[in-house]
Amino acid sequence: MGITKEKIELLHTQIAGAKKIVITAHKSPDGDSIGSSLGLYHYLKQINPNVVICHPDKAPYFLHWMPGFDQIISLEESGQLVEDSFKSADLIFCLDYNSSSRIGTMEKPLVASNAFKVMIDHHREPDENFCDLMFSDITSCSTAQLIYEIIAESNHLDKIIKESAQCLYTGIVTDTGSFRFSSTLPKTHRIAADLLSRNINHSEIHENTYDTNSLDRIKLVSFALLEKLVVLGQYQTAYISLTAKEQERFNATKGDTEGLVNQALAIQGVRMAVFMKESDGIVKMSFRSKGKIPVSEMAKNNFSGGGHLNAAGGKFVGNMENAIQKFVTILPKFVEENKSLF
Ligand code: 5GP
Ligand code: MN
């Protein structure tokens with residue numbers, strides 16, 4: 001699953017011979033999926049210019065500043081272009097997702113394509129059946145870090161131009177919670193240091209990503225914390241829920257609730273947190289935990305999802321009331337089964 005000389009060689013044979021390379025990443029883009037897509041894009045461009053990025057949907061506004069963002073084609077906005085790109089692709093990169101089901105309706109053209117497929121990902125339990133070459137490291141803090149390592153193993157560090165460095169750095173920062181999560185290793189800092197040495201402005205990156213909130217977003221978050229946060233002390237668990245109507249009240253746009261779940265987790269004594277967000281008859285569940293509490297199991301076993309040990313997601317088909325009901329019903333058993341970890 002890791003990076004070997006043979007795999008690097010095979011990868012470069014494919015890159016060199018490709019007439020059309022398509023970079024894909026998961027639905028509901030985050031800093032790592034956009035950062036790794038663009039970081040890889042700027043790198044590949046120097047070896048083989050026939051490369052495009054196709055994503056299922058558009059990223060939240062706080063990632064639009066990233067260099068090359070305008071080049072990303074989304075299925076949501078340019079369906080035909082995406083379909084055509086898949087049809088002509090002979091090499092497809094699958095970044096930051098472990099199963100074709102994570103790319104929404106883009107799954108169909110991906111699975112139908114005969115292109116050589118390369119997975120670069122760090123999510124648990126990767127599906128071994130949909131890619132021809134897999135770089136999967138579940139201990140990696142981010143896909144961006146993995147891409148850096150692949151480039152390093154290719155002896156191509158000189159090909160990480162400033163734009164690539166900005167994007168990879170953003171992927172690492174966002175997926176490590178600004179170097180906080182336990183997935184942050186000494187090598188993560190070494191890689192970040194190398195990226196910083198490429199003339200990039202890290203405070204500008206942080207500012208662009210984290211300090212560009214709309215007033216509506218601040219009010220939505222304030223409302224959620226004041227009115228919608230529930231702490232279940234007995235289970236060291238907290239949850240926040242937002243119905244579609246509540247989101248409408250604050251003109252919520254994509255990304256406005258990003259990171260909200262971490263605020264619930266940041267409460268003293270809380271070991272597990274959930275954020276539930278309703279839209280179109282589906283409640284999207286976001287789980288976070290401290291220590292070794294496996295929220296990926298909670299997501300996988302109860303909400304058709306998955307992810308990482310401490311950060312996972314899934315969904316509930318139905319309304320908010322029933323989603324909350326389901327969660328609080330299964331919670332006691334989950335806490336009991338993981339008693340030693342709480
Ligand atoms: P978030 O809560 O930020 O949406 O997602 C947290 C983590 O769980 C991310 O790494 C994400 O890729 C993963 N994740 C989120 N939603 C799903 C889902 O529906 N299915 C799976 N398998 N993983 C998910
Ligand atoms: Mn990631």
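All ligand and atom numbering here is 1-based and tracks the order in the structure.
Distances below 4.0 Å separate heavy atoms of H308 from the following atoms of ligand 1: 10 (O). Short contacts between ligand 1 and S286, defined as distances under 4.0 Å to a heavy atom of the residue, involve ligand atoms 1 (P), 2 (O), 4 (O).
Salt bridge present: E337 and K333 bring a charged side-chain N and a carboxylate O closer than 4.0 Å. Electrostatic pairing of E76 and K254 counts as a salt bridge here, judged by a charged N lying under 4.0 Å from a carboxylate O. A salt bridge links D194 with R198: the closest approach of a Lys/Arg side-chain nitrogen to an acidic carboxylate oxygen falls below 4.0 angstrom.
K315 does not count as a contact of ligand 1, since none of its heavy atoms falls under 4.0 Å from the ligand.
Under the 4.5 Å side-chain heavy-atom criterion for grouping Ile, Leu, Val, Met, Phe, Trp and Tyr, I8 is connected to L95 within one hydrophobic cluster.
Between K284 and ligand 1, an N or O atom pair is found at a separation short of 3.5 Å. Checked against a 3.5 angstrom limit, the closest N/O atoms of G313 and ligand 1 fall inside it. Annotation: H123 places an N or O atom under 3.5 Å from an N or O atom of ligand 1; distance criterion only.
Under 4.0 angstrom from ligand 1, there are no non-hydrogen atoms of E258. Residue-level proximity to ligand 1 for R102 is carried by the side chain, the only part with a heavy atom below 4.0 angstrom. Residue contacts with ligand 1, taken as heavy atom pairs separated by less than 4.0 Å, do not involve H26 at all.
T24 places a side-chain heavy atom less than 4.5 Å from the side chain of F86. Looking at heavy atoms from C-beta onward, N98 lies out of side-chain contact with R124 at the 4.5 angstrom threshold. Side-chain contact between F316 and M276: absent, with no pair of heavy atoms (C-beta onward) separated by less than 4.5 Å.
The only option from S33, S28, S37 that meets the side chain to side chain donor-acceptor pair (under 3.5 Å) definition with H55 turns out to be S37.
Side-chain polar atoms of T243 and E278 form no donor-acceptor pair below 3.5 angstrom.
Among all protein heavy atoms, the one lying closest to atom 20 (N) of ligand 1 is G305 CA, 3.5 Å. Protein heavy atom at the shortest distance from atom 19 (O) of ligand 1 is G314 CA, 3.7 Å. Closest to atom 7 (C) of ligand 1 among all protein heavy atoms lies A311 O, 3.5 Å. The protein heavy-atom contact nearest to atom 6 (C) of ligand 1 is R288 NH1, 3.6 Å. In terms of protein heavy atoms, atom 21 (C) of ligand 1 is closest to G306 N, 3.3 Å.
The aromatic rings of Y97 and F130 lie parallel to each other, their planes meeting at an angle below 30°, with 60° marking the opposite boundary. Using the six-membered ring where Trp is involved, H26 and H123 have ring planes that are perpendicular, over 60° apart on the 30 and 60° scheme.
Heavy atoms of other residues, nucleotides or ligands lying less than 6.0 angstrom from CG of N114 number 12 at most.
For the Mn ion (ligand 2), the set of protein N/O/S atoms nearer than 2.8 Å consists of D32 OD2, D96 OD1, H122 NE2, D175 OD2, ordered by chain and number.
Under a 3.5 Å cut-off, the side chain of K290 and the backbone N or O of L265 do form a donor-acceptor pair.
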